[in-house]
Amino acid sequence: MRPDTPAENVDHAAEAARLERIVGLYPEDAEALLLRAAAHRELSGDRPAATALYDRLLASGTDLDSPFLIRALKASNLWEYGHEAEARAIIDGIRTAAPRDPAAWVIVAESLESHDELEQAHETFTQAVRLLLTDVQEPPYATHPLLFGRHRVRRMLGATHDEWDALADTVHTLPITLDELHDPKRVWSLGSENPAELEAEISRLRAEVGAYREALSRPFPVAVLHWPANELTELTEAYPTLAGEYPSYDTHLATIETALRELAASGTPNLGIVTGTVPSYEAFAASEGSSPADATLLPQYATTLAARGRATAWPPERSAACWCGSGRTYGECHGTDA
């Protein structure tokens, strides 16, 4: 169940409680599960309970994948039920720490924007794009909301286009331009009695909703399963029938890259890689009431890992570490002829 499911189709409080219960079954996924539970708590209107979940994660003592994102979500949530001072303090702390996580910047900047702190929102968006995109040849997908948010706030402030706005225009792919989407006068058209104006605004809103749903779908990619060398050896030794699926480690890596390129060439969006471990796979097989030797479980296992937020987007930036774990950059390793 995704947090963006319409309220009439889901009991958000019950879904949050379900996610909190299964954390005990998948402690390695506690962060992803509790973040989803907190989202459902917020949607149910129980914001204090959502804050308690964010605090639970931050106080867990474990190494978190996205600690600044959790702090940002906590700040945004606190502000929504009257704890403005605490929220502002957290936001200031995040800006001072200057994390490399684009999602944390998006949350705090949009929180400021939603409370009409447009100048502060603009400063936050600008700080983020300068930190993350200076001297970057191609903006990673995760940074696009920063460019779009900055563009939107600058339109509301009446600022003229600059180089970052131009970059936002280049990565924007919808048929309606950013200037149209972010036109402050659009709100007036919603009260118009002119059918043509209303129809035009509906088209714009559909484009925005499409972009929003696309962004929401990113944590659930079409994922290909990758086994590290030691895990693959353990897997094929424990379950020899799977050796036919993996003739060699090098072949396994080449097959992953080839499959992902073919999917990309066919127009399949939102591709990713999930990394398997033998204990996790065995636990998954047991939960399905099947044997780990059953090769038909492998794609199901990959899909389940992706749905639990374990996927890494593909392709990585050419200068980023290669997905195979070789220690080389993607451009020097599996991305050599990309």
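Being a predicted model, the structure only gives us computed values, none of them experimental.
The aromatic rings of F284 and Y301 sit tilted relative to each other, their planes meeting at an angle between 30° and 60°. The aromatic rings of Y246 and H252 sit perpendicular to each other, their planes meeting at more than 60°, with 30° as the lower class boundary.
Contact detail for L132 and P99: the closest heavy-atom pair is CD2-O, 4.2 Å. In terms of heavy-atom proximity, P145 sits nearest to V106 at CB-CG2, 3.8 Å. Residues W227 and L298 come closest through the heavy atom pair CZ2-CD2, 4.1 Å. Nearest heavy-atom pair across P292 and L242 is O-CD1, 3.5 Å. Counting all heavy atoms, side chain and backbone alike, G272 lies closest to L260 at O-CD2, 3.9 Å. Across all their heavy atoms, T241 and A293 have their closest contact at OG1-O, 3.3 Å.
Following chains of ILVMFWY side-chain contacts shorter than 4.5 Å, one cannot reach I70 starting from V108, and the two form parts of different hydrophobic clusters. Linking ILVMFWY residues whenever their side-chain heavy atoms come closer than 4.5 Å, directly or via other members, places Y54 and L19 in the same cluster. Two different hydrophobic clusters hold F125 and I91 under the rule that ILVMFWY side chains link at heavy-atom gaps under 4.5 Å.
Under the 3.5 Å distance criterion, the side-chain polar atoms of R154 are matched with a main-chain donor or acceptor of T160. Remark: side-chain polar atoms of D165 are paired, donor with acceptor, to backbone N or O of D162 under 3.5 angstrom. No donor-acceptor pair closer than 3.5 Å links the side chain of S76 to the backbone N or O of A72. For the pair R318 (side chain) and G335 (backbone), a donor-acceptor distance under 3.5 Å is present. In this structure a side-chain-to-backbone donor-acceptor pair under 3.5 Å is missing from R328 to C322. T134 places no side-chain N or O within 3.5 Å of a backbone atom of L131 that could act as its donor or acceptor partner. Formation of a donor-acceptor pair under 3.5 Å by the S60 side chain with backbone atoms of L57 is found in this model. In this structure a side-chain-to-backbone donor-acceptor pair under 3.5 Å is missing from S280 to T277. A donor-acceptor distance shorter than 3.5 angstrom exists from the side chain of E31 to the backbone of S66, with no hydrogens or angles considered.
Between the side chains of D46 and S44, not a single donor N or O lies within less than 3.5 Å of an accepting N or O. Between the side chains of T275 and R310, not a single donor N or O lies within less than 3.5 Å of an accepting N or O. If you check the side chains of Q120 and R95, you find a donor sitting under 3.5 Å from an acceptor. A side-chain donor from one of Y239 and E282 sits under 3.5 Å from a side-chain acceptor of the other.
With a 4.5 Å cut-off on side-chain heavy atoms, P279 and E231 count as touching.
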Report the C-alpha distance between R261 and W314 in whole Å, list the side-chain angles of each, state the deciding distance to 0.1 Å, and finish with yes or no for side-chain contact (heavy atoms from CB on, under 4.5 Å). CA-CA 10 Å; R261 293 192 190 189; W314 180 95; 3.8 Å; yes

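Taking T170 as the reference, nothing meets the side chain to side chain donor-acceptor pair (under 3.5 Å) condition, with sequence neighbours excluded.
Of the options E86, R47, K74, H115, a side-chain contact (heavy atoms from CB on, under 4.5 Å) to W79 is made by H115 and by none of the others.
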